Every structure is written in C-alpha cells, then in structure tokens.
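Inspection log for the structure reproduced underneath, given as structure tokens.
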Amino acid sequence: MDRNTSTVDAVIVGAGFAGLYAIKKLRDAGFRIQAFEQGDGIGGTWYWNQYPGARVDLECWDYSYSFSPELQDEWDWSERYPTAQELMKYLEHVADRFKLREHIQFNTRVDTAEFDETRNLWRIRTSDGKTTLARFFVPASGVLSVPKPPEYPGVDTFKGEAYHTGRWPKTEVKFEGKRIGVIGTGSSGVQTIQALAGKCKHLTVFQRTAVFVVPAKNHALTKAMRDRVRLGYAERREISRITRFGIAAPMSVESALEATPEEMAMKYENAWTNSQLLGFRQCYGDILSDDKANETVADFIRGKIRSIVKKPEVAQKLLPYGFPFGTKRPCLGDTYYSVYNRDDVTLVDLKATPIEKFVPEGIVTSEGLIELDMIIYATGYDALSGALTRIDVRGVGGRKLTDKWADGAKTYLGLLTAGFPNLFTVTGPGSPGPLANMSMSIEQHIDWITNCMTYMRDKGYDRIDAQPEFEESWMQGVQDIVKRTLYLKANSWYLGANVPGKPKVFLPYLGGHGTYRKKCESVAQAGYEGFTLSKSTSNTQETAGAT
Ligand code: N01
C-alpha cells in the first residue's frame, strides 16, 4: 500500500452534532475511525451558519446530547434558544471533553467514495489527494448543509457584498450605513431580518412566500430554571424517546372541528403567549391532517399579523396563504412582524413584483432598480439528499448514487440504500430526520449503526446491504403516511420542491420518532430483518427476513 493510502474501520464525514457523536460511539466500541471535516473547526451546521441572529428553535434542554448525564449536568445554557455561537462552544466542549479532535482531519472534503466489491471496502478519496480504505462509510454531513443559490440572471454581476446564510464568513461583516437586501423568508431569513433591522441604513426584504412566524419567547436562563429542569431531566429524555417529535410535548388527540370557539380561542391565545415550535400543533390532533382544522390556526395567526403590522397594505403581503400551517416549517421570532413598522425596512412581494435580474448596483424588479450595498441569500438548502449526492458515490457494479436517486432518494429505514453496502446514512431520506428533534434522532441513528457494526464484527460479517424489496416497501410506507396528512400541499424543502430540477418526493418519515425507534429496534432484534449480511472470506450469506 502506498504512503497516500490508509485503512480504518469507518470513515465519518462531518464534525457537527452527528459526526462528533459517531466518532465517540464508534471509537468507544473499539472501531478504528477517521473523520473528515470540510471546515476548519468543530460545529457542522452551526459552524457554517453564523449569520446575524442565528439560533436554534428547539429549547436547549432538548436540542443537546442526552448520552452523558455528566455532560448534561456540567453544561450551563445561557438562553432558552442558544445562539449559533453558544452551540459552537458547546460542541467544542464536547469534542474536548471526550477527546474527539484527534480523530478529525479538518479542511478536508470527501470527493469520491467507491465500493470495492471484492474486498467489501469503501475507497474514499479526499481533497488532500489521499485515499482511505474503510469497511464502513458514515456520512454525517447534515440534512441542511448544501446551500441553494438563487437562480436569477446576472447574480455574479452584483458589485457589493454577497453572502449566503449557510456559508457565513468567519471574518466580521459590517452592516452600519449599508443598504442591505435579504432574499428569502424561511427560518434563516426571519432571524437575519430581525437581527439587521435598525442596524443598517435600509433593509429590503425580498419575499417569495409569506411564512407563519410564531413568537419565540426567548429568554435568559437563571440557575433556578436550570435546576428545575435538571430535577426531571432523565424522565424528560425518556419521554422524548417515545414521542412523535422527539421532545416531551403532549400532543392532543381532540379535533379542532369539535371545539367551541371560546375553547379554541383560549388554546390558541395560550399557544401564542407561551410559545414554542410545536405550540399550535399540540392544540388539536387534526391540525396537520385536516384542511378545515388547519385553517383555524392559520386564521388565528393571520389575525395576529394584522394586529401587529400597522400598514394594512404591508400586513396583507405578510399574510401566509397557499399552504397549510405547519407544512412548511413554521419560524420562531419575537420581533419579526413589528420590524415592518419601521421606516427603514421595505417589504418587496416577489409574487406581485418579481425579480428580473441582478445588476452591479443591486436588484431590478418589475418596478425598477433597488440599489444595494449587500445582498444576503437566505434561500435555503438542497436538503436531506444534497450533502450525499455532492460526493461522487459509486456502489455495487460502479453504479452512481445520483443515478439510483435520479427519481428521488430511496433508503431502507433511512439507514442504508440498496446496492451501496456498508454506507450508513444519518437522519437522511426515509428517516424522521428534520421532522423530529435532530439531536435525539442523531443519537438514535448512531446508536443503531454502532450496534449493527458491533453485531457484524462479532459474527464475522463484513458486508450489509438493504434488500431492494424492503427498501421499496419502506419508501412506499413513507409516501402512504404523508398522503394522510396535509404536507404534500406545500412546496417545501421536505419535498425537494425548493430546488429546481430536483424530483418532488417527500423524503422524511412522518410516522413519528418513537414509532420509528421501535421499528429500528425490532428490525435489529430480528437479526437485521430486510438486510443481507455476508462474509467475503467464506462467501457465507445471511438474508434476514427474506420473503
Ligand atoms: O431555508 P428555507 P432556511 N427567490 O428553504 C426563499 C432549519 N433552520 O435556510 O418558500 C426568492 O426554509 C424561499 O421561498 P419559497 C429549519 O429546519 C433552523 O430559512 O420557496 N426567494 C424561502 O422563503 C428550516 O426550515 C433554524 O417560495 C427564494 C427561503 O428562500 C431549514 O433550516 C434556523 C428563492 C428559504 O427558506 C431551512 O431554513 C435556520 C429565490 N430564487 C434554519 N429561492 C433554527 O433553528 C428560495 N427562496 C431557528
């Protein structure tokens, strides 16, 4: 073997929440591992998303690792929804506390991954020109990590500063005295807009689709608050593991259609006042499955928007229509709607006045030129499958992953895709992924993967592949579940609808985190039902659950 090639048990991609936990779990289980990270530091999503106002929208108690009670006890969060900077500090602490850095090669991109069928090894080539041979390939590269650029003529001709929220520079960006345009009003746009209003000369928001923004009610945490949560933390985590969204939030089973107007008004007022991401969805069991039930929430929030935004013509543009509440991820924000009462903020409704082109001085809409010094693209991501399809992955018979996924990504259980043995996806297509608490989902995936690799090592197997018929049936199940909901009515990134040319297939499993966890456990207990396990040396093959 030449000096440029090394061999390990597993290659991990990424040093964010998923990558760090994969490094810890697999190393502790005795596997030799190598992780590659494109950035020059720890943090993954939070490393790249240092845009103004960036913070998580799940409470810190839930959006954090649960694997170590000691870590849980010693880390003091400062706010209910920590900033990207605080999350980075937390992840850096985790990396140092568990001595994970030594396994990570920074500033290194994985370019290609090719499966060697004769030896059941992945041959992984990286941007430093080196090759790593690995039995297992674990891309933990995130579900929202490939920024989607805007698709307008002349984008490159703009002479001012231009940034994507998902690739925020590490150097300081100055806003004072500048005319800034923000394109996009999803979670990233909403946070950026709130943070920049009043901090620059003029802010112009280019809105294609108005979103539902519910109050964040972020606040600083006191010692008493932290102590209170710690008292019941173990139980909170246990409950989270069996719930639909991976957090301990009770979901009502009542129908909104059977509620009296007074009851409903009280519940919705309470959800607005004591807000959190799931607040409205907790109120009734049919909000995500029945149009009329959903409209009661949508209507309530539209009423709030009208009451906050002083100019009726601006309020009108901000009213979300055309998709049910919750089918695009709702955003959290405390000042979002009131920002539009400022004289130094302008809202451009792109449905009425579309962008025609970019020019050196700014953006030309159907109403003329808007001069800008800076443009911020909050235009989202090629979600779920994007990070994996950016790598040139070739499986059995040299088949490209991009060819296999040309009509939509397919996996069995969101864990393996047939024809690409020993490649484990983490919170990817076919898993609850972003529709549940990501940190809880990540731990569940990595635990399952580690147990599976350990089982294979103990039994002498060196290859695992998903059986195509199980994969088909799993993905069919994913589609069957979503058809019973309202999610297909929105052009969301869950559906790939935000990326021109991407097949429109709903990728997350909507059956719930708890149900999914149980299914994964039962598959493992049944000897990895639906997977084929084999040994290259003896050519022994075991097909679990073959029909
Ligand atoms: O991206 P998005 P995001 N011209 O895809 C618009 C997580 N997250 O980065 O709706 C004009 O949601 C697009 O318009 P439309 C969270 O899961 C979490 O904001 O497609 N506009 C939309 O308004 C979130 O859901 C946190 O019509 C264009 C926006 O850009 C996910 O990441 C913070 C356009 C994109 O919204 C993604 O959020 C941030 C174009 N050509 C992110 N192309 C927290 O935890 C796109 N748009 C708080």
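No hydrogens, no waters, no symmetry mates; every other heavy atom, side chains included, goes into these values. Model, not experiment: these values are computed from the prediction. Each ligand, and each atom within it, is numbered from 1 in the order the structure gives.
- Of all protein heavy atoms, the one lying nearest to atom 18 (C) of ligand 1 is Ser187 CB, 4.0 Å.
- Counting heavy atoms of neighbouring residues, nucleotides and ligands inside a 6.0 Å radius, atom NZ of Lys170 exceeds 12 of them.
- Every atom of ligand 1 with a heavy atom of Arg55 under 4.0 Å away is listed here by number and element: 44 (C), 45 (O), 48 (C).
- With Thr45, Val190, Asp57 as candidates, the residue nearest to atom 45 (O) of ligand 1 on a non-hydrogen basis is Asp57.
- What sits closest to atom 5 (O) of ligand 1 on the protein, heavy atoms only, is Trp493 CD1, 3.5 Å.
- Near Lys328, meaning under 4.0 Å from any of its heavy atoms, are these atoms of ligand 1: 10 (O), 15 (P), 20 (O).
- The protein heavy-atom contact nearest to atom 27 (O) of ligand 1 is Thr209 OG1, 2.5 Å.
- Remark: ligand 1 atoms within the under-4.0 Å shell around heavy atoms of Ile183 are 4 (N), 11 (C), 21 (N).
- Classification of Arg329 and Asp57 as a salt-bridged pair holds, one side-chain N sitting under 4.0 Å from a carboxylate O.
- In this structure, the side chain to side chain donor-acceptor pair (under 3.5 Å) partners of Arg230, at least two apart in sequence or on a different chain, are Asp76.
- Residue Thr165 has no N or O atom closer than 3.5 Å to an N or O atom of ligand 1.
- Listed by atom number, the atoms of ligand 1 under 4.0 Å from Tyr381 heavy atoms are 9 (O).
- Using a 4.5 Å heavy-atom cutoff, the side chains of Pro320 and Ile305 are in contact.
- Sorted by first then second residue, the ring-ring contact (aromatic ring centres under 6.0 Å, His included) pairs that include residues 346-376, not counting sequence neighbours, are Tyr152-Phe358.
- Of all the heavy atoms of Phe206, none lies under 4.0 Å from any atom of ligand 1, so neither backbone nor side chain is involved.
- Counted by atom type alone, Gln444 and His513 present zero donor-acceptor pairs between their side chains at under 3.5 Å.
- Within the cation-pi definition used here (under 6.0 Å to the ring centroid, within 45° of the axis), Arg302 qualifies as a partner of Tyr321.
- Here Phe323 contributes atom CZ and Ser492 contributes atom OG; the two are 10.0 Å apart, rounded to the nearest 0.5 Å.
- Neither the backbone nor the side chain of Asn49 comes within 4.0 Å of ligand 1, counting heavy atoms alone.
- Residue Gly184 has at least one heavy-atom neighbour below 4.0 Å for each of these atoms of ligand 1: 6 (C), 23 (O), 29 (C), 30 (O).
- Here the heavy atom of the protein found nearest to atom 33 (C) of ligand 1 is Tyr51 OH, 3.3 Å.
- At a 3.5 angstrom cut-off on N or O pairs, Gln191 does not count as close to ligand 1.
- Of all protein heavy atoms, the one closest to atom 41 (N) of ligand 1 is Glu151 OE1, 2.8 Å.
- Summary of contacts: the protein heavy atom closest to atom 43 (N) of ligand 1 is Lys148 NZ, 3.1 Å.
- Nearest protein heavy-atom neighbour of atom 14 (O) of ligand 1: Arg208 NE, 3.6 Å.
- Side-chain contact, His202 with Thr346: a donor N or O sits under 3.5 Å from an acceptor N or O.
- A ring pair (Phe, Tyr, Trp, His ring centres under 6.0 Å) with His445 is found for exactly one of Phe17, Tyr21, Tyr516, namely Tyr516.
- In this structure, Lys267 satisfies the cation-pi test against Tyr284, with its NZ or CZ atom closer than 6.0 Å to the six-membered ring centre and inside 45 degrees of the ring normal.
- For the pair Thr411/Trp405, a side-chain contact is recorded, criterion being any heavy-atom separation below 4.5 Å from C-beta on.
- Counting only heavy atoms of the protein, atom 23 (O) of ligand 1 lies nearest to Thr185 N, 2.9 Å.
- In the model, Ser366 has no side-chain atom that pairs as donor or acceptor with a side-chain atom of Glu356 under 3.5 Å.
- Nearest-residue assignment for atom 3 (P) of ligand 1 (options Pro82, Gly186, Pro434, Ser188; heavy-atom criterion): Ser188.
- At a heavy-atom distance under 4.0 Å, only backbone atoms of Ala378 (N, CA, C or O) approach ligand 1.
- When the options Arg329, Lys351, Met438 are ranked by their closest heavy atom to atom 17 (O) of ligand 1, first place goes to Arg329.
- Ion pair Arg390/Asp382 flagged as a salt bridge, since at least one NZ, NE, NH1 or NH2 atom sits closer than 4.0 Å to an Asp/Glu carboxylate oxygen.
- Using a 4.0 Å cut-off to heavy atoms of Leu144, the atoms of ligand 1 that qualify are 7 (C), 17 (O), 31 (C), 32 (O).
- The residue Tyr81 has no part lying near ligand 1, judged by heavy-atom distances below 4.0 Å.
- Residue contact check: Gly380 has heavy atoms under 4.0 Å from atoms 1 (O), 5 (O), 9 (O), 35 (C) of ligand 1.
- Under 4.0 Å is where a charged nitrogen must lie from a carboxylate oxygen, and between Glu371 and Arg179 at least one such pair does.
- In summary, the atoms of ligand 1 found under 4.0 Å from a heavy atom of Thr379, numbered by their order in the structure, are 28 (C), 30 (O), 34 (C), 35 (C), 43 (N), 46 (C), 47 (N).
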